[in-house]
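Numbers here simply count residues along the sequence, with the first being 1.
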Amino acid sequence: MRKGGGAASTVASVEAQGRIRSSLVDAAGPCPGAAVGVAFALRSVTLTPRLGWCRSSFENPGIHATVDQYDLELFAAHVRDLNVVSVELGITVGGALLVQRFRTQGVAPSRTTAALQLSPSLGISRDISERGYLFLLGSASTYLLRREDSTTSRASFGPSFAVQVAIGAGFRL
């Protein structure tokens with residue numbers, strides 16, 4: 001369709017991916033998770049709205065914390081079809097909700113933080129059948145969020161940077 005063949009102006013696909021992102025919160029570990037979306041391939045751009053989730057955790061003496069991140073994203077990419085693979089260059093914009101929960105002997109209420117996301121991405125995909133394909137996507141993400149220092153209780157608003165890698169599969173409808 002991107003090469004101008006066929007009568008369809010849009011081809012829709014369902015996609016699922018496993019992904020891992022580096023830490024957004026100080027001392028938190030990697031954030032493994034998943035995402036699902038629907039890709040709409042047009043002649044010049046592919047648009048993919050996605051829902052995602054990941055969980056990271058960390059421990060300090062006397063406290064264990066988990067951070068669940070819920071994402072609502074829109075990925076826009078220009079795809080170049082080569083002989084064996086397709087290469088895509090794109091950007092993700094979206095919002096995230098980070099829910100931090102604590103287990104401790106003392107009192108530590110949960111915290112919820114909203115964030116904005118902007119992530120340039122580079123990926124490759126390969127058709128494995130007439131309708132199916134696999135893909136690998138790497139992103140350098142910037143999140144704009146409010147953070148609270150647990151030792152001083154001071155809040156700050158600013159960027160946090162992360163790297164994300166996703167591997168997934170899609171099926172054209």
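The structure places OG of S139 at 11.5 Å from CZ of R21, a figure rounded to the nearest 0.5 Å. Here the OG-CG distance, from S125 to L137, works out to 10.0 Å after rounding to the nearest 0.5 Å. Interatomic distance, Q69 CD to Q117 CD, rounded to the nearest 0.5 Å: 7.0 Å. The CG atom of L98 sits 13.0 Å away from atom CZ of R146, with the distance rounded to the nearest 0.5 Å.
Residues T66 and V99 are not in side-chain contact: their nearest non-hydrogen atoms beyond the backbone lie 4.5 Å or more apart. Here the side chains of S121 and T92 are in contact, with some heavy-atom distance below 4.5 Å. In this structure, L134 and I167 have side chains that are not in contact, with every pair of non-hydrogen atoms separated by 4.5 Å or more.
Note: the hydrophobic cluster containing F40 does not contain L89 (ILVMFWY, side chain heavy atoms under 4.5 Å, direct or indirect links). V36 and F75 fall into different hydrophobic clusters, where Ile, Leu, Val, Met, Phe, Trp and Tyr are joined by side-chain heavy atoms under 4.5 Å apart, directly or via other members. Hydrophobic clustering of Ile, Leu, Val, Met, Phe, Trp and Tyr side chains at less than 4.5 Å, counting indirect connections, keeps L97 apart from L145. Hydrophobic clustering, with ILVMFWY side chains joined whenever heavy atoms are under 4.5 angstrom apart, keeps L42 apart from L173. At a threshold of 4.5 Å between side-chain heavy atoms, the hydrophobic network of Ile, Leu, Val, Met, Phe, Trp and Tyr places V38 and L51 in two separate groups.
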Would F135 and E88 satisfy side-chain contact (heavy atoms from CB on, under 4.5 Å), going step by step from the backbone distance to the final call?
CA-CA 10 Å; F135 62 89; E88 56 188 63; 5.7 Å; no
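L144 forms part of a hydrophobic cluster together with L116, F157, judged by ILVMFWY side-chain heavy-atom separations under 4.5 Å.
Closest heavy-atom contact between Y133 and F171: CE2-N, 4.0 Å. Counting all heavy atoms, side chain and backbone alike, A162 lies closest to L24 at CB-CD2, 3.9 Å. Listed here is the closest heavy atom pair of P49 and L74: N-CD1, 3.8 Å. Across all non-hydrogen atoms, the minimal contact from A96 to Y143 is CB-CE2, 4.3 Å. Annotation for F102 and A65: closest pair CD2-CB, 3.6 Å, computed over non-hydrogen atoms.
Among D81, T46, D127, the one residue that satisfies the side-chain hydrogen bond (donor to acceptor under 3.5 Å, both in side chains) test with S86 is D81.
Listed by first and then second residue, the salt bridge (Lys or Arg N to Asp or Glu O under 4.0 Å) pairs that reach into residues 67-77 are R19-D71, R19-E73, R50-E73, R55-D68, D68-R101, sequence neighbours excluded.
The side-chain hydrogen bond (donor to acceptor under 3.5 Å, both in side chains) search around S141 returns S119, not counting sequence neighbours.
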